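Notes follow the structure.
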Amino acid sequence: MNRIDRRFVVLKAAGRTGLIPFVTAGDPSPEHAVALMHALVEAGADLIELGVPFSDPMADGPVIQHASERAIAAGVGLADVLGWVAQFRQLDADTPVVLMGYLNPIEIHGYERFAQEAVQAGVDGVLLVDCPLEESVVLAPLREAGLRQILLAAPTTAPERLAQLCQAAAGFLYYVSFAGITGAARLSTTDIAARVAELRAHANAPVAVGFGVRDAESAKAIAGFADAVVIGSALVERLAGATSAEDIAGCAQGFLAPIRAALDARA
Amino acid sequence: MPEIRDFHAYPDAQGRFGRFGGSYVAETLMAPLAELTEAYLRLRQDPAFIAELDRDLTNYVGRPSPVYFAERLTRHVGGARILLKREDLNHTGAHKINNTVGQALVARHMGKTRIIAETGAGQHGVASATVAARLGLQCVVYMGAVDIERQKINVYRMKLLGAEVVPVTSGSKTLKDALNEAMRDWVTNVADTFYIIGTVAGPHPYPLMVRDFNAIVGREARAQLLEQYGRLPDVLTACVGGGSNAMGLFHAFLNDREVRIVGAEAAGLGLATGHHAASLAAGRPGVLHGNRTYVLCDDDGQITETHSISAGLDYPGVGPEHAFLKDAGRAEYVGVTDVEALEAFHLLCRTEGILPALESSHAVAQAIKLAREYPKNGIVLCNLSGRGDKDVHTIAAREGVQV
């Protein structure tokens, strides 16, 4: 069984809401990339979204854009990211890892080659922001290798497309809680609640909600109706200044622990 | 690649030109793109819309633009006749207005009140600000901080026209980064905002729509050649950055197999130096800005910084239809260096009294090379896509002249 699927089964059985932090691989520091992943798990992460740096992150706001630029400046590439996942797997066989990013690095790497190397490294899924369902035929080798293709749904998604997305959903369906870039202001919680309830009723996979979740309070509000909560920009921003392994672990703990507690308090 | 029978049958309903094109965008953009596609496919067949566009092209843009025989340049080169399609004589000084007039009408039909655009050399920004002013729409133009420095006159022109120019300081601070930023704006403000993309790139339907609006260039030129010379040209040439003026000239001739087609990309300091913007001549297939096309990137898939003396050609991707024409063997794409473009610039100034844009100077340089390959009764048709007034400061600075 794919680690993502297994993790959501466990969460559901325990009545818990999943916590999915996003970090850009190699930011704030390539040498502590693996330590950061372990620190996230230590602080309560149920699944890790690891951003593959890309030079032209069209759908991201300034925070993740700058993290991507810093990582590229530090020389981080796809091979490094896969290497870090493999290292992470030596000590953590259970926490699912989803690579998040844009298509071009994988297209250039080669879809077949990437699929093979990613599975070997212990990657469980991919979320490619600029590869909507309509263009997903190129990702067939990834799906065949057992990687879950995480799809996005947005407030602007038309009803007939939502039905298609629910049908095709695997791993989890990522609901973007507002029509904008990462890190901007969000829809009202009531609005999101109604839409997510609709998705959960029809999707072939659990529903995670992201974009605009910044702290324990906003996470808790969403936890009431989502299978998992994704936290990205706010965490990346918090980590940006950290330099040592201790700093990084401290930031991850300080930021995620209250959110974890808030999510568990309502369980 | 199978034999293509009708080049005018592309793109397909998904916006694909063979394996290129498509809609590689975030989920949040799928709905606005679908809305735009639906509106545009309806309008492009609507006689009232077509008549409205034709009126604007005639009375506001000043079409048709002439085809001009550059006789002294031809004599100087000593080869085939060089004809210039004078897009530099359009209102605002370049082909860009053909597209912005068209898209602004689409925006108005869709009830959008705010226009956004990205710009490199500033020509598309000026053309967007111009049509926004004319239709009373709010206009925001994203421009790389490096380009703002290179194109101060166009920045001021946009401001005079009432547009807000937003400097983009991320990445390489040039056209590609401005495009990223404009996309972000659009994702955030889709309800009231229309994004006027300035070239034949981006997700479907932009490569189709921008090509359609610029195809007037080739349609006119083809008819003008038949009327004035009784024949088609031997070869066409145009500069290719994103590729809108080139696609505009080429499209009407794609099924005329006897007409050779050559695109001139910016070879910057030389293709071998790595400092260039020749995506087709020196790049590889990839995905950038919503479509699959040829891109300049490293082995990690990171888009590389480009170099050209001309801001309008300084782009690491290219319209997917050009990628398709390259792979189909219908068009050739070659590099023209900064130095060659500058020589052509001076030569055209001195022999014809025409000051071409640095972008268009690449096409003129290529036309000169091609003219030498053909006999004296041959015809090279070159798209003179824009005028060079905007570039005089760049050229003066490069040549150490105080203006």
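All values derive from a computational prediction rather than experimental measurement. Lettering of chains follows the sequences in order, A, B, ..., and the numbering in each one begins at 1. Computation of the quantities below employed the complete heavy-atom set of this structure, encompassing side-chain atoms and omitting hydrogens, waters and symmetry-equivalent molecules.
Closest heavy-atom contact between A:Gly77 and B:Asp300: CA-OD2, 3.4 Å. A:Pro132 approaches B:Tyr24 most closely through the heavy-atom pair CD-CA, 4.2 Å.
Considering CD of A:Gln65 and CG of B:Asn180, their distance stands at 7.0 Å, rounded to 0.5 Å. Annotation: the span from B:Glu35 atom CD to A:Thr156 atom OG1 amounts to 10.5 Å, rounded to 0.5 Å. The CG atom of B:Asp298 sits 9.0 Å away from the CD1 atom of A:Ile108 when rounded to the nearest 0.5 Å.
When heavy atoms are compared at a cutoff of 4.5 Å, A:Ile106 does not approach chain B at all. Only the side chain of A:Val138 comes within contact range of chain B, judged by heavy atoms closer than 4.5 Å. With a threshold of 4.5 angstrom between heavy atoms, B:Leu288 approaches chain A through side-chain atoms but not through N, CA, C or O.
A 4.5 Å side-chain heavy-atom check between B:Glu181 and A:Met58 finds every atom pair outside the cut-off. Counting heavy atoms from C-beta on, the side chains of A:Val176 and B:Glu27 never come closer than 4.5 Å. With a 4.5 Å cut-off on side-chain heavy atoms, A:Pro57 and B:Arg184 count as touching. Residues A:Glu135 and B:Arg292 fail the side-chain proximity criterion, which asks for heavy atoms closer than 4.5 Å.
Listed for the A:Glu134 side chain is no donor-acceptor partner under 3.5 Å among the backbone atoms of B:Gly22. The backbone N or O of B:Ile303 sits less than 3.5 Å from a side-chain atom of A:Ser55, completing a donor-acceptor pair.
Within residues 192-207 of chain B, no residue has any heavy atom under 4.5 Å from a heavy atom of chain A. Within residues 278-286 of chain B, the residues having any heavy atom less than 4.5 Å from a heavy atom of chain A are, in residue-number order, B:Arg284, B:Pro285, B:Gly286.
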Please report the C-alpha distance between B:Met30 and A:Arg161 in whole Å, then the side-chain angles of each, then the deciding distance to 0.1 Å, and finally whether the side-chain contact (heavy atoms from CB on, under 4.5 Å) criterion is met. CA-CA 10 Å; B:Met30 292 304 284; A:Arg161 253 181 77 73; 3.7 Å; yes
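Side-chain atoms of A:Glu69 and B:Ser170 include no donor-acceptor pair closer than 3.5 Å.
For chain B, the option among A:Val129, A:Val52, A:Asp130 with the highest count of heavy-atom pairs below 4.5 Å is A:Asp130.
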